[in-house]
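Notes to accompany the following structure.
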Amino acid sequence: MKPSADTAKTLPKPPSRAERKALLLAELEQQRIDILVDSEYLQQAASPLDKNWQSVKLPLYAVGGFAAFKLMRHPGGAMASGRKVLAGYMLLKKLKLLAKVAT
C-alpha cells in the first residue's frame, strides 16, 4: 500500500551552515561567560591562601638560601641525603606493590 502525501513523514531539514555557526558562537559565548564567573569565584576562594602565602614566603626564601649555601659548601651531604630519599621512595613503592598483591 502506498502512503498518501499527508501520511508520509517528512525528515526534518538539517540546520544550515549559518544556523550551525550561530549556535556554536552562542555556545562559545556562554562558555566564556561561565569561565569569567568561575574565575571570579576561584579568586575569592583563594584570596585567604594568597594572604597566608605572603607571610610564609620570606621565611621559606631564607631557609632555601641557607640550604643552598650549605649545599655549595658541602655537596657530599646532599648527595648522600638524595640517595637515602631515593632508596626510601623505592622501598615505599615496593611495599605498596606488595600490599596490593597481598590483598
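- Residues D34 and Q30 have side chains that bring a donor and an acceptor to within less than 3.5 angstrom of each other.
- Partners of Q31 according to the side-chain hydrogen bond (donor to acceptor under 3.5 Å, both in side chains) rule, which considers only residues two or more places apart in sequence or in another chain, do not exist here.
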- Step by step, would you call V56 with Y61 a side chain to side chain contact (heavy atoms under 4.5 Å, CB included)? CA-CA 9 Å; V56 173; Y61 284 156; over 6 Å; no

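- To the nearest 0.5 angstrom, L23 atom CG is 12.5 Å from L28 atom CG.
- The distance from atom OG of S55 to atom CG of L60, rounded to the nearest 0.5 Å, is 9.5 Å.
- No side-chain heavy atom of L36 sits less than 4.5 Å from a side-chain heavy atom of Y41.
- Listed by chain and residue number, nothing satisfies the salt bridge (charged side-chain N to carboxylate O under 4.0 Å, His left out) test with E19 (two or more places apart in sequence, or in another chain).
- Here S47 contributes atom OG and Q43 contributes atom CD; the two are 9.0 Å apart, rounded to the nearest 0.5 Å.
- Under the side-chain hydrogen bond (donor to acceptor under 3.5 Å, both in side chains) criterion, N52 pairs with no residue, sequence neighbours left out.
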- Item | Test log, rule side chain to side chain contact (heavy atoms under 4.5 Å, CB included), inputs L95 and L91 | CA-CA 6 Å; L95 288 175; L91 179 65; 4.2 Å; yes

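- For the pair I35 and R32, the minimum side-chain heavy-atom distance is 4.5 Å or more.
- To the nearest 0.5 Å, atoms NE2 (H74) and CZ (F69) are separated by 8.5 Å.
- Expressed to the nearest 0.5 Å, how far CZ of F66 lies from CG of L71 amounts to 12.0 Å.
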- Residue pair K21, R17: steps toward the side chain to side chain contact (heavy atoms under 4.5 Å, CB included) verdict: CA-CA 6 Å; K21 183 178 179 181; R17 184 180 175 115; 5.7 Å; no

